[in-house]
Student: 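Let me begin by handing over the structure; questions about it come next.
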Protein chains: 2
Amino acid sequence: MQIGELSRATATKVTTIRFYEEIGLLDRPVRTASGRRTYALRDVERLNFVRNGRRLGFSIDEIRSLIALASEPGRDCGEAMAIASRHLAAVEERLGQLAALRDELAAMSRNCDRQRIADCRVIQAIARQAA
Amino acid sequence: MQIGELSRATATKVTTIRFYEEIGLLDRPVRTASGRRTYALRDVERLNFVRNGRRLGFSIDEIRSLIALASEPGRDCGEAMAIASRHLAAVEERLGQLAALRDELAAMSRNCDRQRIADCRVIQAIARQAA
DNA sequence: CCTTGCTTCTATAGTGACTGGAGATTGTAC
DNA sequence: GTACAATCTCCAGTCACTATAGAAGCAAGG
């Protein structure tokens with residue numbers, strides 16, 4: 001399998017695959033005589049792991065750790081749990097912030113009745129809000 | 001007022017103030033004979049506008065537009081409303097995504113009962129999830 | 001006058017996670 | 001033979017800052 005097929009199989013851009021290889025998230029693949037990268041099933045699995053991790057919002061460094069953990073099947077999985085829990089807590093905090101933001105934005109939009117800029121509630125809200 | 005005082009007055013790092021000037025969000029200030037920046041009340045107001053806008057999640061470009069609009073008090077504020085509404089919609093979409101993410105992460109953590117990595121639900125969930 | 005120590009200056013590079021483009025090869029189908 | 005797609009490497013750009021180095025300015029105390 002060449003890079004284009006891996007790209008299609010994992011819905012990942014070719015440039016991103018090369019980038020992941022560069023930063024060590026993917027192993028350096030075997031090359032053809034002319035230098036093209038060739039991949040096998042385990043590369044698809046690995047890349048899917050990375051993509052799913054990213055989709056769940058884990059950082060590259062967290063994914064690196066999770067990959068390292070996954071390669072030691074005998075170990076206790078407490079560390080993997082810790083990474084996931086920390087991330088969940090971060091997501092929950094961000095959710096709270098974002099909900100507060102939405103309320104503020106919604107209030108701004110509601111109050112404005114499309115008059116002149118001089119009276120615009122949106123502009124006023126941004127200008128006057130206490131941090 | 002020098003840059004340090006503006007920094008304290010707006011809870012903005014000195015380097016960030018210089019950065020905002022560089023990209024044209026703040027006017028180039030008058031300098032003292034020795035080259036130090038000096039600011040007045042309107043600079044505090046402008047920077048607060050920028051900071052509040054950022055805190056509400058507007059991009060630098062959106063804030064640039066809002067500043068331009070705010071400087072034409074006679075205009076209809078429909079355009080400002082449009083920027084705010086688009087942003088609100090984006091925030092709401094992100095909120096939905098993030099909530100879905102939280103649910104997935106919570107389910108992962110719940111299912112894992114701290115055994116060996118080989119059986120770890122967290123690792124398995126990341127490995128097997130369909131995009 | 002001199003030193004100490006803080007503030008400010010410019011210029012440059014780094015962050016995270018990619019994305020895009022230039023310019024050169026290679027592989028394939030007609 | 002030639003057109004075209006796929007791939008290669010290398011490097012720059014994105015966003016919104018943040019940090020560092022090294023130089024200069026400025027006020028207060030000795």
Side-chain angles (χ1 to χ4, degrees), chain A residues 1-26 28-39 43 46-67 83 86-87 90-91 94 97 101 126 131, chain B residues 1-26 28-39 43 46-67 83 87 90-91 94 97 101 131:
Chain A
M1 186 189 318
Q2 290 198 351
I3 201 166
E5 199 180 336
L6 177 61
S7 165
R8 285 184 296 277
T10 58
T12 306
K13 296 196 177 168
V14 168
T15 41
T16 305
I17 296 173
R18 288 196 279 250
F19 168 73
Y20 284 160
E21 177 187 329
E22 184 62 34
I23 62 171
L25 269 192
L26 303 181
R28 296 203 173 272
V30 175
R31 303 281 190 130
T32 65
S34 68
R36 299 190 168 196
R37 293 167 174 83
T38 55
Y39 299 96
D43 298 303
R46 165 71 77 92
L47 182 48
N48 273 329
F49 188 93
V50 172
R51 296 302 280 176
N52 285 329
R54 289 294 299 136
R55 197 179 59 76
L56 290 166
F58 290 102
S59 71
I60 297 287
D61 264 1
E62 285 169 334
I63 292 171
R64 227 190 289 274
S65 302
L66 289 168
I67 287 172
I83 291 173
R86 266 199 305 275
H87 182 51
V91 167
R94 182 89 189 103
Q97 290 169 355
L101 216 70
I126 301 174
Chain B
M1 187 190 314
Q2 290 199 352
I3 201 166
E5 198 180 336
L6 177 61
S7 165
R8 284 185 296 277
T10 59
T12 306
K13 296 195 176 167
V14 167
T15 43
T16 305
I17 295 174
R18 288 195 280 248
F19 168 73
Y20 285 160
E21 177 188 328
E22 184 62 34
I23 63 172
L25 269 193
L26 303 181
R28 294 204 174 274
V30 176
R31 303 281 188 128
T32 66
S34 68
R36 299 191 168 194
R37 295 167 174 83
T38 56
Y39 299 96
D43 298 303
R46 166 70 77 90
L47 182 48
N48 272 330
F49 188 93
V50 172
R51 295 303 279 176
N52 285 330
R54 290 293 301 135
R55 197 178 58 78
L56 289 165
F58 290 102
S59 72
I60 296 288
D61 264 1
E62 286 168 332
I63 292 170
R64 228 190 289 274
S65 303
L66 290 169
I67 288 171
I83 291 173
H87 182 50
V91 167
R94 183 86 190 106
Q97 290 169 354
L101 216 70

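Letters go in sequence order (proteins before strands), and every chain restarts at 1.
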Student: Of all residues at least two apart in sequence or in a different chain, which pass the side-chain hydrogen bond (donor to acceptor under 3.5 Å, both in side chains) check with A/Y39?
Tutor: none

Student: Return the set of residues passing ring-ring contact (aromatic ring centres under 6.0 Å, His included) with A/F58 (not counting sequence neighbours), or none when no residue passes.
Tutor: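 For A/F58 the ring-ring contact (aromatic ring centres under 6.0 Å, His included) partners, ignoring immediate neighbours, are A/H87.
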
Student: Taking side-chain contact (heavy atoms from CB on, under 4.5 Å) as the test, write out the residues that go with A/Q97, two or more places apart.
Tutor: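 By the side-chain contact (heavy atoms from CB on, under 4.5 Å) rule, A/Q97 matches A/E93, A/R94.
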
Student: Mind checking what makes side-chain hydrogen bond (donor to acceptor under 3.5 Å, both in side chains) contact with B/T38, not counting sequence neighbours?
Tutor: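 Checked B/T38 against side-chain hydrogen bond (donor to acceptor under 3.5 Å, both in side chains); zero matches.
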
Student: Rounded to whole Å, how long is the line connecting atom CE of B/M1 with atom P of C/dT7?
Tutor: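 Computing the B/M1:CE to C/dT7:P distance gives 16 Å.
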
Student: Using the side-chain hydrogen bond (donor to acceptor under 3.5 Å, both in side chains) criterion, which residues pair with B/T32? Sequence neighbours excluded.
Tutor: B/S34

Student: Residues two or more places apart in sequence or in another chain: which of them pass salt bridge (charged side-chain N to carboxylate O under 4.0 Å, His left out) with A/R64?
Tutor: A/D61

Student: List, with names and distances, any nitrogen or oxygen atoms from the protein found under 3.5 Å away from nitrogen or oxygen atoms belonging to nucleotides 3-6 of chain D.
Tutor:
residue, atom, partner, partner atom, Å
D/dA6, N3, A/R36, NH2, 3.2

Student: Any side-chain N or O of A/S34 below 4.0 angstrom from OP1/OP2 of C/dG27?
Tutor: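 Yes, A/S34 has a side-chain N/O under 4.0 Å of OP1/OP2 on C/dG27.
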
Student: Which residues pass the salt bridge (charged side-chain N to carboxylate O under 4.0 Å, His left out) test with B/R37, not counting sequence neighbours?
Tutor: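 Testing B/R37 for salt bridge (charged side-chain N to carboxylate O under 4.0 Å, His left out), a comparison that skips the adjacent residues, returns B/E21.
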
Student: Using atom names, set out every protein N or O paired with an N or O of nucleotides 4-6 of chain C below 3.5 Å, distance rounded to 0.1 Å.
Tutor:
none

Student: Minimum heavy-atom separation for A/L56 and B/L101, please, with both atom names.
Tutor: O-CD2, 3.5 Å

Student: Who pairs with A/R54 by salt bridge (charged side-chain N to carboxylate O under 4.0 Å, His left out), at least two apart in sequence or on another chain?
Tutor: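 Listed in chain order: nothing, the list is empty.
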
Student: So, using side-chain hydrogen bond (donor to acceptor under 3.5 Å, both in side chains) as the criterion, who are the partners of A/T10 when residues are at least two apart?
Tutor: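 If we apply the side-chain hydrogen bond (donor to acceptor under 3.5 Å, both in side chains) test to A/T10, skipping adjacent residues, the hits are A/T12.
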
Student: Grab the CD1-C1' distance between B/I23 and D/dT18 for me, whole Å please.
Tutor: 14 Å

Student: Can you give one letter per nucleotide of nucleotides 10-20 of chain C, 5' to 3': B if a protein heavy atom sits under 4.0 Å from the base, S if only from the sugar-phosphate, - if neither?
Tutor: B------BBSB

